[in-house]
Each structure stands twice: as structure tokens, then as C-alpha cells.
Amino acid sequence: MKAVLAVVQGQDTVKLGNALRQKGIPFTTIESTGGFLRERNSTFILATPNENLENVLSVIAENCQTRNEYVSSYPSAFDPAEFYMPRPIEVQVGGASVWVVDVLSFEPL
């Protein structure tokens, strides 16, 4: 058995949740916030038999797309704030960060 932890951008949360429900894959979500852009995320937690892992990963990949966004840059600690001219920078967001962990024991209580 495998435990899957997937951190998903907020825009993809509903789409992924609906897709997992359609496939009959049980999961739990925890609302979270990203450290870099400080945007809303959801962390999906689920367990799956080894033989179903590829199916779970494909559902995640199909429903969590990366996209480019522009965000304001922050002033450098070395530049005086009075000379700071904010410039938007392009960053890639979305997709999913997925961890797959072996489960030694699973006890549904």
C-alpha cells in the first residue's frame, strides 16, 4: 500500500477533488498556504494499493495543470526602498507536488 500526499494549487482543488470522487478514490484534504507566493493550496492525502498507484497519479496529473502568472517582485534588502521600482516577474504555478510513501501498516479504526 502507498500513501500519496499531493499539494495542489487552489485553482485545481475542486477539479481534482471531483475527478477523484468520480473514480471512487477516497481522500482527505487539508487547506494550506504556499510559502513562496503565499497562495491558497490544498494538500490531498490518500492511501491506495500498489497496483492502483499509477491510476491515482494519472488522475492528479490530468487535473493539475501548470500555468504562468506574473507577480510583483519584492525590494532587495540591499536596495534603498526609495529607489525601488516594482517589476512583475513571470513564475510557473499550478501542477502538483506529490510524495508517495510506503505504508507499513494501515488501521481503519
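Just the heavy atoms: all of them, side chains too, but no hydrogens, waters or symmetry mates, feed the values below. Fair warning: this is a prediction, and the values are worked out from it, not measured in the lab.
Annotation for V8 and C64: closest pair CG1-SG, 3.7 Å, computed over non-hydrogen atoms. Contact record, K15 with E62: NZ-O, 4.2 Å, taken as the closest heavy-atom pair. The heavy-atom pair separating L46 from P26 by the smallest distance is CB-O, 3.4 Å.
No donor-acceptor pair closer than 3.5 Å links the side chain of E54 to the backbone N or O of E51.
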Give the C-alpha distance, both sets of side-chain angles, the deciding distance and a yes or no for side chain to side chain donor-acceptor pair (under 3.5 Å) between S32 and T43. CA-CA 7 Å; S32 52; T43 301; 3.2 Å; yes

Between D12 and N63, is the side-chain contact (heavy atoms from CB on, under 4.5 Å) condition met? List the steps. CA-CA 7 Å; D12 295 326; N63 291 281; over 6 Å; no

Is there a side-chain contact (heavy atoms from CB on, under 4.5 Å) between T48 and I25 once you walk through the steps? CA-CA 8 Å; T48 189; I25 301 169; 5.8 Å; no

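Under a hydrophobic-cluster definition in which Ile, Leu, Val, Met, Phe, Trp and Tyr are linked whenever side-chain heavy atoms come within less than 4.5 Å, directly or via other members, L53 and I60 are assigned to the same cluster.
Taking a 4.5 Å side-chain heavy-atom cut-off between Ile, Leu, Val, Met, Phe, Trp and Tyr, the cluster of I45 extends to L5, V7, I30, W99.
For residues 99-109, the set of pairs meeting the salt bridge (Lys or Arg N to Asp or Glu O under 4.0 Å) definition, not counting sequence neighbours, comprises K2-D102.
Residue L16 holds its CG atom at 9.5 Å from OG1 of T29, rounded to the nearest 0.5 Å. In this structure, the separation between CZ on F27 and OG on S42 is 9.5 Å, given to the nearest 0.5 Å. Rounding to the nearest 0.5 angstrom, the gap separating the CG atom in N52 from the CE atom in M1 is 9.5 Å. Between the CD atom of Q9 and the OG atom of S97 there is a distance of 11.0 Å, given to the nearest 0.5 Å.
In this structure, Q22 places its CD atom where only 12 or fewer heavy-atom neighbours from other residues, nucleotides or ligands lie under 6.0 Å away.
In this structure the side chain of V56 never reaches within 4.5 angstrom of the side chain of V100, judged on heavy atoms.
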